[in-house]
Amino acid sequence: MPQSPESPESNESGGSGERRHTELPTPDRKLHTGSEGPVDPEDLVRLSGREPTPELLEEARQLLAEEGPSAIERYLP
């Protein structure tokens with residue numbers, strides 16, 4: 001027997017990618033910026049959308065030395 005469009009199973013397997021209207025937003029306690037954990041220069045370069053090179057890694061090292069882990073907040077919300 002075919003599933004009706006309203007059934008939860010059809011929504012999950014349908015792959016529409018849309019958020020179901022019954023889902024709640026993510027609670028604040030689960031949100032974070034990413035600066036809570038260790039950050040290395042490669043993380044910073046990759047978050048900027050670039051491939052690590054010696055020059056970019058050195059720039060990232062300097063930025064982390066100046067700003068600390070909060071430098072990652074330029075790229076993460």
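Along the sequence shown, residues carry numbers from 1.
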Pairwise distance CD(Glu42) to CG(Leu56) - rounded to 0.5 angstrom: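 If I round to the nearest 0.5 Å, the distance is 11.5 Å.
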Closest non-hydrogen atom pair, Ile72 against Leu44: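 Scanning both residues, the minimum pair turns out to be CA-CD1, 3.7 Å.
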Residue pair Asp43 / Val39: nearest heavy atoms and the distance that separates them: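 It is OD2-CA, 3.8 Å.
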Partners passing salt bridge (charged side-chain N to carboxylate O under 4.0 Å, His left out) against Glu51 (at least two apart in sequence or in another chain):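 Glu51 satisfies salt bridge (charged side-chain N to carboxylate O under 4.0 Å, His left out) with Arg46 once adjacent residues are dropped.
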Listed partners of Glu67 passing salt bridge (charged side-chain N to carboxylate O under 4.0 Å, His left out), at least two apart: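 For Glu67, the residues satisfying salt bridge (charged side-chain N to carboxylate O under 4.0 Å, His left out) (neighbours in sequence not counted) are Arg74.
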Extract all donor-acceptor atom pairs below 3.5 Å that involve side chains of residues 58-65 and protein atoms in other chains or at least two apart in sequence.
unit_1	atom_1	unit_2	atom_2	d
Glu58	OE1	Arg61	NH1	3.2
Glu58	OE2	Gln62	NE2	3.4

